[in-house]
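Report on one structure; see the data block that follows.
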Amino acid sequence: AKILLGLLRNAESNAEFKNLDTENLTITHIQVSMAQQGRRRTFRAHGRVNAYMNCPCHVEMLLEEKEESVEKPAEETKAKKFTKKQLAKRRLKVGGDQ
């Protein structure tokens, strides 16, 4: 959790550097993927050697500035236009083979 908080602070300072509004930033994408393991050795008693491996990861975080919502004006409903063929199909009775 400390690492993610550090990444968020870093992202905030980057946003300030780019003249973005830090109060309107939202996280749009976070991805954590495995990285190549580091291989080391630790030396034990009586000449033995054990593996000493760490498990790093790549963290990808995308932040975007939230846009202000604007209400959409009410549109007038236009009459739908039908072709002659569509009108003829509408005139047929349901189940009408007659």
Rounded distance [0.5 Å steps], OG1 in T28 versus NZ in K66: 13.0 Å
So with a 6.0 Å cut-off around CD of Q36, is the heavy-atom count from everything else above 12? no
Atom CD of E23: over 12 foreign heavy atoms under 6.0 Å: no
Quick one: list whatever passes salt bridge (charged side-chain N to carboxylate O under 4.0 Å, His left out) with K72, sequence neighbours left out. E75
Indicate every side-chain donor-acceptor pair of residues 38-65 with a distance under 3.5 Å to a residue at least two apart or in another chain.
{"residue": "R48", "atom": "NE", "partner": "A45", "partner atom": "O", "Å": "3.2"}
{"residue": "N54", "atom": "OD1", "partner": "G38", "partner atom": "N", "Å": "2.9"}
{"residue": "E60", "atom": "OE2", "partner": "H29", "partner atom": "NE2", "Å": "3.3"}
{"residue": "E65", "atom": "OE2", "partner": "D21", "partner atom": "N", "Å": "3.0"}

Over 12 non-hydrogen atoms of neighbours within 6.0 angstrom of CG in L5: yes
Could you state the interatomic distance from CG (L8) to CD1 (I30), rounded to the nearest 0.5 Å? 6.5 Å
